[in-house]
Amino acid sequence: MEFAFTDEQMMIADTAFAFFRENATSDRTRKAMAAEGIDRELWSAFCTELGLSGVGLPEEHGGSGLGMVEFAIIAEAAGARVAPLPMLGLATAARAIAAGGSEAQKAEWLPKLISGEAIASCERVAQLAEQGGRLTGTITPVPHGALADVFVFFSPGKAWLVRADAPGVTVAAHVTMDQTRPFATVTLEDVLAEPLADPQAAIAALHAGGWICLAAEALGGAQEALDRTVAYARERVQFGRPIGSFQAYKHRLADMLVEIEQARSAVYWAACAVDEQSDEAALALHAAKSFCADTFFMVAGNMIQLHGGIGFTWEHDAHLFFKRARSIQTMLGNGSFHREQVATMVLGEAA
Amino acid sequence: MEFAFTDEQMMIADTAFAFFRENATSDRTRKAMAAEGIDRELWSAFCTELGLSGVGLPEEHGGSGLGMVEFAIIAEAAGARVAPLPMLGLATAARAIAAGGSEAQKAEWLPKLISGEAIASCERVAQLAEQGGRLTGTITPVPHGALADVFVFFSPGKAWLVRADAPGVTVAAHVTMDQTRPFATVTLEDVLAEPLADPQAAIAALHAGGWICLAAEALGGAQEALDRTVAYARERVQFGRPIGSFQAYKHRLADMLVEIEQARSAVYWAACAVDEQSDEAALALHAAKSFCADTFFMVAGNMIQLHGGIGFTWEHDAHLFFKRARSIQTMLGNGSFHREQVATMVLGEAA
Amino acid sequence: MKLGFSPQEEAFRAECADWLQAQMTGEFRDIRGITTLTAKAERRKEWEQHLGEHGWSCIGWPKAWGGRDATLAEQVIFAEEYARAGVPGRVNHIGIELAGPTILAFGTEEQKRRFLPGIAAGSTIFCQGFSEPGAGSDLASVRTKGRLEGGEWVVNGQKIWTSLAHISDWIFVVTRTEDGSKGPKGLTFLMMPLDQPGIEVRGITQINGDAEFNETFFTDARCPADSMIGGVGDGWKIAMGLLAFERGVSTLGQQMAFRNELDEIIAAARANGAAGDPLIRQRIARAEIGLRLMRYGALRMLSNTDHSKIDGAALTYKIQWATWRRSLGELAMDVLGQAGEIAEGEAYEWGTLPNLFLYSRADTIYGGTNQIQRNLIAERGLALPREPRGDL
Amino acid sequence: MKLGFSPQEEAFRAECADWLQAQMTGEFRDIRGITTLTAKAERRKEWEQHLGEHGWSCIGWPKAWGGRDATLAEQVIFAEEYARAGVPGRVNHIGIELAGPTILAFGTEEQKRRFLPGIAAGSTIFCQGFSEPGAGSDLASVRTKGRLEGGEWVVNGQKIWTSLAHISDWIFVVTRTEDGSKGPKGLTFLMMPLDQPGIEVRGITQINGDAEFNETFFTDARCPADSMIGGVGDGWKIAMGLLAFERGVSTLGQQMAFRNELDEIIAAARANGAAGDPLIRQRIARAEIGLRLMRYGALRMLSNTDHSKIDGAALTYKIQWATWRRSLGELAMDVLGQAGEIAEGEAYEWGTLPNLFLYSRADTIYGGTNQIQRNLIAERGLALPREPRGDL
């Protein structure tokens, strides 16, 4: 029992944080926001030069093994820079294929996803007609939907792999509040879909991966938002004093740290519980997703507030954190959904 | 349209606040708490010397007319001292009799209740067997149940008057968290009950009276709790400074005032809406009860916190406010009940 | 204490409603329902003039200056009907609600004659120049300089958060006119025409993609010597007087805009099923209660005729509405779900509710942050020790 | 990073559980499930001695002094099983968790020999004398005076909030031993026997009707010169070292008591139907999540072997649990409804949940109020400017 990073985990953290700090700059992010919403050059460097895109994916298909703890470290580092990257698809679709795909599906897609040649996206489907292995219906909103080469769609007990270039697939990109992870609507009309061999395993893997990815991004974003606000509080003078010397301001920052420390425990508890296949894993995942999303939203809102006027300008980065925080809150189940799952675990089903 | 006190209302406020400030002292309250939970001498002085017990009750039965605004002023003043008085029975049972009782019931009870000779109590009944004008069942918790001379019990569409000395009535007093308004359990075994002539009118009157009484008490209690905490903040020195000079402490007090000012609007809006039979009255009552109870609880909790160690001793009065606040929160419907009523008004019934 | 309206007042309500609805279904139907302050600026200037022509521009002003000497109740009624008819916010609200009343209270007869008719007629649009970069909420640390030169004031410096400066005609600015003075001393209140070579206005894009606010640069900008309100060095006093008008009847119009926003949330919740969620129901009830209490708080504040005494309701009003509205924005998004994060068109432009969510983050900042408001409440309302200034 | 326990550790868990459960169903079944710190004090002193006899009194201490040199995992396991078995809190927790470790860290060999065996054996019960009336959270303004006289320390003054002083044998006190010194300078850390004519202990009744806390008066109270820990004037340093132990393994035992409280709420909600209320369900889920995060926060803090560095998890722990538990008390009452406001018996004595509600108001005050905690977090954790002391 040792709830601290190993030396290897420390090294991964140092590498990932340094990489994103250097490369995922505000300028590059804003360029991506104004264009398609992904910094493809950054993604390519992450996948090839850094070589961390295979963390948590099987070695026989180009992955580097390791587990969710290591993946969470990377997602935290990317989240700290609100990096416009298709990390979530790697956390959901790629993991679904690895856990529930056929050998052929794994062999075709995992190397491409790990090398960055292909981008994956994943979404739950509400209503979908399935006939003779062909799907018809509309799925929205799909994160990175307009940029994906391959989709994993799922509904309870079922999961399919759909190629973006398959006949009958239409994609409409949306202007999205969080421009660093744009949505699209995907329409399928009699589209050939390949069912995943083990949909249960695939769905469990994409949920664990997705929830941890979002929770870790939220943790990274929240910590960075706090750090930048603390730096501002030390510098900025009002009424003849650094604003960080005003007690109410200090206490607000302290409250942010209190939440972030809990969010940190939540992310690594959940990641570790998944890796160790602990009985607590399900509870930990719901806890991490809901708690970290709330923390990030609270912290990012405070980041705007504590920067004063400059905080709500387009020019300042605060809104990037704020919009990402909002988007994480609703993605893959909102806070009350996840808390209701926890309630069901401790109280039983609602009457 | 003039949302300010008239000169007459100002005079009532001055009289009532001065009376309770002078007479409802901590010493007397603590004596009452250790005994039966009512300061009977104070009640008698309030009813006879002060002569304000008839406010909002019909003149032909010893009342002094006027309306809920004037009653709210008095309840606010009593609440400010957490006075151990059967004010609530006057707000509920007496009003129910006045609005829905027969002429004989009014003539018998109202003069006695207004003069303080008799004490009234009122409670909703959940399960009660009614047979040939006789009631059997258990009602709990009944505020001032062990001290009442007459009860008004009600359930949807029905309301009865029950004499405490009627054969078959048994009362068990409880040690109650808020010792300034103790509960009892009342057991009826084949007890002769007099139905009120117009139960709908009685129930509407006791709800309006009860909710306004509790909301106004809460307002008075909250304002007094704030005032005492502000006084302490100016006096008490820590770290070489008055604690009221610490910004975080100041801001907490400011937040308390923000809520209290809204609570003040709520109480007098509701009272005025009832007096003017406005369409808004129902919404205003639910708003006032829920908002003022929450405000008082928040402020009383802060009163303890901002007094530090002394704040959670028995010796200091903070706990009287805190316990009264808790008790107001649950009495006559808790906050989520009242908000759900408001939601139904604006959104329609829940699915 | 009386909340109801008299039959005469109800008749006035009908008159307002009839006229406003007629405009919004007739000549000005193209501006009905706009919720931002920037859209269709030119048409909205025409609307200002139309209001002026028909005597509805500033009903609370004295009749002599284009108003109607309207009672409080009448002003309440007009504000309610204005919003109920879906009329967009006033692009000249600074002129009508701040500049005009300030000139009425502190200006000379000559200044009244010069400015008030234009404001009342909707032909003189005013904006406000208080904040400066690096000063934010700290009005006393103004650094923009003014000096008298050849019968004119010459101003140099920079203002920020000058809302709607890009469509305004005049700006009032607080300038430091005494060299070496500090804090609230040595400040002077000037009114300057914006259309001159010495003034440059640059838009500031906000987080919602809109640009209501501006930076305004003064480089030897000029105005006549008698464009000063009060005397040299009276700037702080005038500015404080002006800010008091912010808590006036205009709050009621603002509240009616909030009413429309809340109604839109209620409609959305009914439409998409969120109205069945007990958590959402509680939050909508809280929002409804909060809005009602804001109304009655404002009426209490306005009914308090002893304006020499700052009362609690007035002191707490700003933080109350700003915080309420920020929560409303979060509620709106939670009702909409992910649909709220997708724009309708191809530009980064937002419908009423997502825009409310984004824009309301500014509400708790401009006009004195929530932190500044709490200082004011604690120091003025509760007589607690003042927060000391530093000397950096 | 590893959260699971090894087979050896699981075997240790079984050993703890077996022994503790055997005691709580056997000889000590009369104290099982007590949740206050004051009830059945004499029997609980016997329990302390029983723990000592069987080597379970202070398993984290060195073997040489009665401990077991237990690993972190073993201490976690023992704390969990202790609470799971329904064993009441330690009446000598100050001795075991604060006084003992302080003597181990800062005491002389002679002091270790004098005090540690008694603490380990459960025969020397310690309490803590830090706070003073008028000083509250401000330890640096201690006024209780100590002076050396004839080879003894002579102490005069008053301490307050001395938890359990009425059943303790020794008290450690911070005294001002240098005349005219101010703040953290000139303080000395002394250990004094309570049973002497110079010390009087008076109970302070709390809002729950219980009296765990005391005022302790010192009038020429005496202790030997070598009852001082550290040197003359080292009092501040020793006191700060001692407070760091408060964030040690003992937090895990406390958490298990919280677990029992939350479980009781869950059982009550299931029994009375509150478990069907979606609002209550959300709050119970939040409480469950908060408790789990407290556990993993504590494990993170304890796994951080670089104790020279104050980490965020350790700094934020106090406010986190105190605030969580205060909310838990409110949740408990909302689950119980009005039934929670009625005592079971005829005295003003409360069952676990109402008592939690009342007592938890003290959690955010003692041991440094939430306000003080936020100062510490901001100043030590975030390196923000220090709150200035005044000179009153």
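Just so it is clear, the model here is predicted, and its values are computed rather than measured. Below, chains carry the letters A, B, ... as their sequence lines are ordered, and counting in each starts from 1.
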Heavy-atom distance under 4.5 Å to chain B: side chain of [X], backbone, both or neither?
X        : result
D:Leu279 : side chain
D:Ala347 : backbone
D:Asn370 : both
D:Ile160 : neither
D:Thr205 : both

Between [Y] and [X], does any NZ, NE, NH1 or NH2 come within less than 4.0 Å of an OD or OE carboxylate oxygen?
X        : Y        : answer
D:Arg326 : D:Glu330 : no
D:Glu132 : D:Arg176 : no
B:Asp294 : B:Arg339 : yes

Sidechain-backbone polar pair: [X] side chain, [Y] backbone, donor-acceptor under 3.5 Å:
X        : Y        : value
D:Gln206 : D:Tyr359 : no
D:Thr144 : D:Gln158 : yes
B:Arg30  : B:Glu315 : yes

Exercise for the section: Establish, from distance only, whether the side-chain atoms of B:Thr187 and B:Thr170 form a donor-acceptor pair under 3.5 Å. Expected result: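 Side-chain D/A pair, B:Thr187 to B:Thr170: absent.
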
Handout entry: Engaged part of B:Arg252 at the chain D interface, taking heavy atoms whose separation is under 4.5 Å
Key =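 B:Arg252 touches chain D through side-chain heavy atoms alone.
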
Exercise for the section: Answer with side chain, backbone, both or neither: which region of B:Phe322 has an atom nearer than 4.5 Å to a non-hydrogen atom of chain D? Expected result: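 Contact with chain D: side chain only.
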
Handout entry: Stepwise side chain to side chain donor-acceptor pair (under 3.5 Å) test for B:Arg81 and B:Thr29
Key = CA-CA 9 Å; B:Arg81 310 301 299 187; B:Thr29 298; over 6 Å; no

With chain D as the partner, which of [options] has the greatest number of non-hydrogen pairs under 4.5 Å?
options                                : answer
B:His319, B:Gln329, B:Arg326, B:Arg241 : B:Arg326
B:Asn334, B:Thr313, B:Leu306           : B:Thr313
B:Ala173, B:Pro141, B:Pro242           : B:Pro141

Exercise for the section: Tabulate, in ascending numerical order, the residues of residues 210-218 of chain D having at least one heavy atom closer than 4.5 Å to a heavy atom of chain B, or enter 'none'. Expected result: D:Phe213

Exercise for the section: Report the distance from atom CZ of B:Arg124 to atom NE2 of B:His207, rounding to the nearest 0.5 Å. Expected result: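 Reported value, rounded in 0.5 Å steps: 6.5 Å.
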
Handout entry: Residue pair B:Tyr232 / B:Ile310: nearest heavy atoms and the distance that separates them
Key =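 Minimum heavy-atom contact is OH-CG2, 4.0 Å.
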
Practice task
Would you list the pairs meeting side chain to side chain donor-acceptor pair (under 3.5 Å) in which at least one residue belongs to residues 345-354 of chain D, sequence neighbours left out?
Solution key: B:Lys323-D:Tyr348

